[in-house]
Amino acid sequence: MMKDYEITTREIDINRLIQRVSRPQAGAVATFFGTVRGVTDGKRTLFLEYEAYGEMAEKKMEQIGMEILERYPEAGVAMIHRIGRLQVSEIVVAIAVSTPHRQDAFEACRYAIEQIKTIVPIWKKEYQEDGSFWVEGKDHDD
Amino acid sequence: MIKVRLFAGLAEAAGKRELEIPVEGRITAQELRRLLVVRYPNLGNLLKNSIVAVNQEYTDDRRWITDRDEVVMIPPVSGG
């Protein structure tokens with residue numbers, strides 16, 4: 001059974017995520033998938049290693065979901081973040097939001113990923129050809 | 001004894017996932033941070049940039065902490 005707010009070590013099943021937010025009152029499902037980028041600041045990424053403070057991370061993702069539900073009471077929200085070693089192009093984080101109308105779904109989905117990157121205790125370590133380092137704070141592309 | 005869990009860059013720099021600070025009664029998060037820096041000077045900058053989480057909630061430096069609390073130092077997050 002998949003949780004609505006989940007940290008996982010396994011490959012993310014996006015179809016199951018979308019099923020979690022499927023409901024008759026929804027007229028739109030917006031999704032966001034964050035993937036491992038192969039080049040950062042001109043340097044090739046070999047792979048990323050993610051670590052989470054799992055209990056708190058799931059709690060914080062749920063808090064983000066609750067904030068969305070307060071604003072859009074008819075929304076359906078699910079999010080999942082993967083940890084462990086991830087290869088270039090693999091999905092790291094997936095978010096699905098359903099709402100009666102598309103505008104709200106897009107906005108809520110955007111809000112969710114921005115908040116995940118800001119308050120959820122998850123960290124990534126970047127492995128490049130000439131070394132590795134823990135990434136601090138948000139990506140440059142935010 | 002207050003146990004402080006570490007993750008990511010902090011755990012790596014410390015070479016372990018938990019630090020112990022001998023404290024009787026209660027101390028503030030600010031005092032805990034200061035004691036950690038004194039005891040583990042090599043973690044100084046990492047500790048200064050971290051937020052204290054108590055019982056899975058971010059706290060400010062005035063928050064009281066006892067040995068019954070779950071305490072974690074949270075470096076700047078980089079998920080997504």
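Order of the sequence lines fixes the chain letters, A, B, ..., with proteins taken first and strands second; residue numbering starts at 1 for each chain. Model, not experiment: these values are computed from the prediction.
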Using non-hydrogen atoms and a 4.5 Å limit, figure out which bit of [X] sits close to chain B: side chain, backbone, both or neither.
| X | answer |
| --- | --- |
| A:E49 | neither |
| A:A52 | backbone |
| A:W123 | both |
| A:Y50 | side chain |
| A:E51 | side chain |

Next item on the list: With the side chain counted from C-beta on, respond yes when A:M56 and B:F7 share a heavy-atom pair under 4.5 Å apart, and no when they do not.
Entry: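 A side-chain contact under 4.5 Å is absent here.
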
Notebook entry, point to check: Under a 4.5 Å cut-off applied to non-hydrogen side-chain atoms, are A:P121 and B:Y58 in contact?
Noted result: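 Contact flag for A:P121/B:Y58 side chains = yes.
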
Notebook entry, point to check: Where along residues 83-101 of chain A does a heavy atom come under 4.5 Å of chain B, listed by residue number?
Noted result: A:V92, A:V93

So which residues of [range] are in contact with chain A at a heavy-atom cut-off of under 4.5 Å?
| range | answer |
| --- | --- |
| residues 22-56 of chain B | B:L46, B:A53, B:N55, B:Q56 |
| residues 64-75 of chain B | B:E70, B:V72, B:I74, B:P75 |
| residues 8-20 of chain B | B:A8, B:G9, B:E12, B:R17 |

Spell out, yes or no, whether [X] and [Y] are grouped together once hydrophobic residues are joined by side-chain heavy atoms under 4.5 Å, including indirect joins.
| X | Y | answer |
| --- | --- | --- |
| A:L69 | A:I18 | no |
| A:F106 | A:M79 | no |
| B:L6 | A:F133 | no |
| A:Y127 | A:W134 | no |

Next item on the list: Spell out, as yes or no, whether a donor-acceptor pair under 3.5 Å connects the side chain of A:K124 to the backbone of B:G80.
Entry: yes

Notebook entry, point to check: If you count heavy-atom pairs under 4.5 Å between each of A:I119, A:L48, A:I113, A:I116 and chain B, which one has the most?
Noted result: A:I119

Next item on the list: For A:E11, look at atom CD and say whether over 12 heavy atoms of other residues, nucleotides or ligands are found less than 6.0 Å away.
Entry: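 Atom CD in A:E11 is not crowded, with 12 or fewer foreign heavy atoms closer than 6.0 Å.
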
Check: Counting only heavy atoms not in A:R71, do more than 12 sit closer than 6.0 Å to its CZ atom?
Finding: no

Margin query: Within this structure, what is the NZ-OG distance for the pair A:K125 and B:S78, rounded to the nearest 0.5 Å?
Written below: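 A:K125 atom NZ to B:S78 atom OG measures 12.0 Å (nearest 0.5 Å).
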
Item checked: Shortest non-hydrogen contact between B:V77 and A:T118, atoms and distance ->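 What the structure gives for the nearest pair is CG2-O, 3.4 Å.
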
